[in-house]
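Both backbone and side-chain heavy atoms feed into the values below; hydrogens, waters and symmetry mates do not.
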Amino acid sequence: MAHLGLPLSSGCTYVDKILKGAKPGDLPVEEADKDVLVINLKTRQGVGLTIPQTISFRQIRVIE
């Protein structure tokens with residue numbers, strides 16, 4: 001199961017550093033090391049969205 005809190009925890013790390021006195025301009029830009037794709041099947045069907053097979057094979061989590 002994917003860890004969906006990763007972007008949030010990364011943001012919290014930045015806030016913590018800033019609250020401890022770091023200047024935002026001095027903090028390095030960090031890129032996510034993993035993309036997370038979550039597909040909600042009910043919503044997808046409700047809006048009539050078609051997901052290409054190349055993407056649906058790479059999905060990490062499906063919500064039914």
Side-chain angles (χ1 to χ4, degrees):
M1 184 167 171
H3 178 45
L4 300 177
L6 183 63
L8 179 61
S9 66
S10 179
C12 291
T13 302
Y14 273 102
V15 171
D16 181 56
K17 290 177 182 180
I18 292 168
L19 291 175
K20 289 181 178 175
K23 295 180 182 177
D26 294 340
L27 295 176
V29 175
E30 295 180 8
E31 293 184 29
D33 59 346
K34 185 175 187 178
D35 294 323
V36 177
L37 174 61
V38 177
I39 297 175
N40 184 316
L41 295 179
K42 189 180 288 187
T43 301
R44 179 191 60 94
Q45 291 169 347
V47 297
L49 182 65
T50 302
I51 308 288
Q53 260 192 331
T54 55
I55 292 192
S56 62
F57 285 139
R58 295 169 35 179
Q59 66 196 12
I60 294 173
R61 184 173 177 200
V62 176
I63 300 173
E64 295 185 28

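Note that OG1 of Thr13 and CG of Leu27 are 10.5 Å apart. Values are rounded to the nearest 0.5 Å.
Among residues at least two apart or in separate chains, side-chain hydrogen bond (donor to acceptor under 3.5 Å, both in side chains) pairs with a member in residues 15-28 are Asp16-Lys20.
When the side-chain contact (heavy atoms from CB on, under 4.5 Å) test is applied to Leu19, the partners found at least two apart in sequence or on another chain are Val15.
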